[in-house]
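For clarity, every value in this text was computed on a predicted model and none was experimentally measured. In what follows, chains are A, B, ... by sequence order, proteins preceding strands, each numbered from 1.
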Amino acid sequence: MILKREFYQQPTLEVARSLLGKKLIRQHGQQQLIGLIVETEAYIGENDTACHASKGKTQRTEIMFGRAGHAYIYFIYGMHYMFNIVTESEGNPAAVLLRAIQPLNHIDVLKRHRNITEEKSLTNGPAKLCQAYNIDKTLNAWDLCLGKKLWIETNDEHNDYQTETSPRIGINYAEEKDRNAHWRFTMKGNPFLSKR
DNA sequence: GTGAGGATGCACT
DNA sequence: GTGCATCCTCACG
């Protein structure tokens with residue numbers, strides 16, 4: 001079942017935790033590339049100094065101030081894309097970053113997109129999974145509730161896992177309270193988690 | 001297997 | 001001009 005708007009409108013920490021175990025689906029020609037979400041991070045509002053929206057509304061962050069369930073995709077370090085999902089109500093900027101995925105099918109396609117052969121490294125990082133699933137700027141602001149191009153579905157399998165929390169990665173510029181917040185959610189023991 | 005450093009372009013003061 | 005929610009390569013031994 002495709003996740004609906006109401007799911008994404010929940011509190012961001014709830015969405016980040018609940019996205020674990022869900023299936024990300026990317027339409028690729030006639031094929032559907034499917035991956036299991038195993039790692040997420042929450043970025044919550046204007047008081048979270050790790051969140052891009054803490055610097056106010058700009059052209060880039062505008063999407064985070066909009067409706068939940070849309071993709072917030074930005075370009076960083078001159079070569080990488082990051083895929084976030086907008087949460088909370090309108091005017092309340094927040095999002096969940098997808099940091100790692102476990103590939104469930106079409107491994108050959110992912111390898112081609114990534115130009116590597118090692119399965120463990122295909123999608124175990126936020127920029128890696130974007131490259132593997134061909135997610136880029138053209139999907140920024142895309143509505144994930146449409147069930148086209150890019151969306152998320154519930155999953156009746158993979159319900160047998162434990163959730164772990166830890167501080168978010170790569171945000172040394174943020175205030176200490178935000179650096180220490182355990183807003184990173186991981187599926188315990190999954191082999192496709194990003195490093196640390 | 002681990003760590004340092006470079007790549008690279010765009011949004012934003 | 002600055003800095004970035006990262007990844008890869010290349011040393012090292």
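Rounding to whole angstrom units, OH of residue Tyr72(A) and P of dC4(C) are separated by 14 Å. Rounded to an integer number of Å, the gap from Leu129(A) CG to dA5(C) P is 16 Å. In this entry the distance linking NZ of Lys195(A) with C1' of dG1(B) reads 13 Å, nearest Å. When the C1' atom of dA11(B) is taken as reference, atom NZ of Lys57(A) falls 17 Å away, rounded to whole Å. Ile73(A) places its CD1 atom 16 Å from the C1' atom of dC10(B), with the value rounded to the nearest Å. Nucleotide dC10(B) holds its C1' atom 10 Å from the OH atom of Tyr81(A), rounded to whole Å. One atom, CD1 of Ile76(A), and another, P of dT2(C), lie 18 Å apart when rounded to the nearest Å.
Comparing Lys137(A) and His80(A) by the nucleotide of DNA chain B that holds the closest heavy atom to each, the one mapping nearer the 5' end is His80(A). Where Val96(A) and Ser121(A) meet DNA chain C, the nucleotide closest to each residue was compared, and Val96(A) sits on the side nearer the 5' end.
Across all strands shown, dA4(B) forms a Watson-Crick or G-U wobble pair with dT9(C), both key distances being under 3.5 Å.
Side-chain N/O atoms of Arg99(A) include one lying less than 4.0 angstrom from OP1 or OP2 on dT6(C). Distances shorter than 4.0 Å separate some side-chain N or O of His52(A) from OP1 or OP2 on dA5(C). Phosphate contact (OP1/OP2 of dC7(C), side-chain N/O of Arg114(A), threshold under 4.0 Å): absent. Contact annotation: Lys128(A) side-chain N/O to dC8(C) OP1/OP2 distance is under 4.0 Å. Between Tyr173(A) and dA5(C) there is a side-chain N or O to OP1 or OP2 distance below 4.0 Å.
Taking the six-membered ring where tryptophan is involved, the planes of Tyr74(A) and His52(A) are perpendicular, since the angle between them exceeds 60° and thus also 30°.
The pair Glu41(A)-Arg168(A) fails the salt-bridge criterion, with no side-chain N (NZ, NE, NH1 or NH2) lying under 4.0 Å from an Asp/Glu carboxylate O. For Arg67(A) and Asp143(A), the salt-bridge test fails: no basic side-chain N is under 4.0 Å from an acidic carboxylate O. Salt bridge absent: Glu153(A) and Lys22(A) never bring a charged side-chain N and a carboxylate O closer than 4.0 Å.
Within 6.0 Å of atom NZ in Lys111(A), more than 12 heavy atoms from other residues, nucleotides or ligands are found, so the atom counts as buried in its surroundings.
Within 4.0 Å (heavy atoms only), Ala127(A) reaches sugar-phosphate atoms of the nucleic acid but no base atom. Residue Arg168(A) is classed as having no contact, given no heavy-atom separation below 4.0 Å to the nucleic acid. Across all strands shown, Met82(A) has heavy atoms under 4.0 Å from sugar-phosphate atoms exclusively, and none from any base. Within the 4.0 angstrom heavy-atom criterion, only backbone atoms of the sugar-phosphate kind lie near Phe75(A); the bases stay farther away.
Ring stacking is absent between Tyr77(A) and dG9(B), as the pair misses the limits of under 5.5 Å between centres and under 30 degrees between planes.
Side-chain proximity of Met79(A) to dC7(C), dA5(C), dT8(B): nearest is dT8(B).
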